[in-house]
Amino acid sequence: MFQPAGGQLRVGVAIGEHVLDLAAVAAAGLLPADPAAFAAPSLNAFLALGRATWTATRRRVGELLTAGNTELRAAGLVPGALHPQDAVHLCLPVEVADYVDFYSSLEHATNLGRLFRPGGEPLLPNWRHLPVAYHGRAGTVVPSGTPIVRPCGQRLSPRAGEPSFGPSTRLDIELEVGFVVGVGSRLGTPVPAADAAEHIFGLVLVNDWSARDIQAWEYQPLGPFLGKSFATSISPWVVPLDALAPFRAPARPQDPPVLPYLRAEGDWALDLDLLVELHTAGMAARGLPPEVISRTNLRHVYWTMPQQLAHATVNGASLRTGDLFASGTVSGPEPGTYGSLIELTWGGTQPLRLPDGSERAFLEDGDTVTLRGWCGGDGGRPRVGFGAVSGQVQPAPLSG
Ligand code: MN
């Protein structure tokens, strides 16, 4: 979704450094879908049209953008319907219906288990049998660039053994990838894992901002609540599942074997490179570039998208157009591949040293975190970029 200067929200597709205005292209009768779906304030109307329309539209846009095709020019759409990306406002792509965040990285779940419950079994007994998740807050899913106000809340003071109220002192990020549901499902009817591609439109980058001190005090017994619900940032571009076909790979083996409803055929791991950049206010003031603090890949993740979808609906819960399902923090096997500060600094005990001479255990006001993702671009495979999702930490509105 984008907004040209002085114009209305509309659907666009990224082509190099430009955005092609699909509302204008559809109005000229060049797309195989109702033009109203592209002149809407979110992608939801287009998402509801289903896989056949998604695929036909993507194929047709590819055709229109092929060298030698003159249809856009003949319709008077070049250059008018092509906007430089930096001249438009990129907006929240989807009106998020429900938001669920999984916990699907074995390495992340193991690390967090060690940090939150030292001395115990890091993985709880259910973890290898079902994709664990919590319901997040759809209304606070925000587009890239939205400032993140440091949350206040209750934190347990280790010395006093009692809660106190104030700004979080352990503000963190979670590097995640989410999928957006296009076509919903009927209440009472589970979605089989085999039908996943009929429902999953595409993927976004997700930053599940997390206040670790608030989370640690509140999460037992019902899971994360205010430690997560203050903001979740997503990237402006939704990469269609169709565009990711060349990067799909066999999922990692699961031991023990999962129950039949969680078995999914096909290659559902995704070779998606991810990184986290941190830019402090001090680095920005000195003209220093952002520092890459983690590099990882989505293919490490244990539970796949069809398994997540099958599990989320196996009780008969229905899907809605615009539902967002996030992967959970993506962490790889080595320390430099962890997707959160609590892992990268091991609970804050090993702060990161930054190029401006400062240290970070958790985020400080003025820090900007940017997540980036891309597939391919190596050895002959095309490059499919996810763009970036970024947010700067603002001071808490009140203290004490
Ligand atoms: Mn998360």
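In each ligand, atom 1 is the first atom listed, and ligand 1 is the first ligand listed. Small disclaimer: the values here were computed from a predicted structure and weren't measured. Residue numbers run from 1 in the order of the sequence given.
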Subject >> Nearest to the Mn ion (ligand 1) - the N/O/S atom of Asp208, by atom name >> reply: OD2
**OP:** Could you tell me which N, O or S atom of Asp101 is nearest to the Mn ion (ligand 1)?
**Re:** OD2
Original post:
Do Phe201 and Trp54 have ring centres separated by under 6.0 Å?
Top reply: yes
Original post:
With ring centroids as reference points, do Tyr103 and His108 lie under 6.0 angstrom apart?
Top reply: yes
Subject >> ring pair (Phe, Tyr, Trp, His ring centres under 6.0 Å) partners of residues 55-86, not counting sequence neighbours, each pair once >> reply: Phe2-His83
Subject >> Sequence neighbours excluded - ring pair (Phe, Tyr, Trp, His ring centres under 6.0 Å) pairs with any residue from residues 19-41 >> reply: Phe38-Phe46
Original post:
To the nearest 10°, what's the angle at the Mn ion (ligand 1) between atoms OE1 (Glu174) and OE2 (Glu176)?
Top reply: 90°
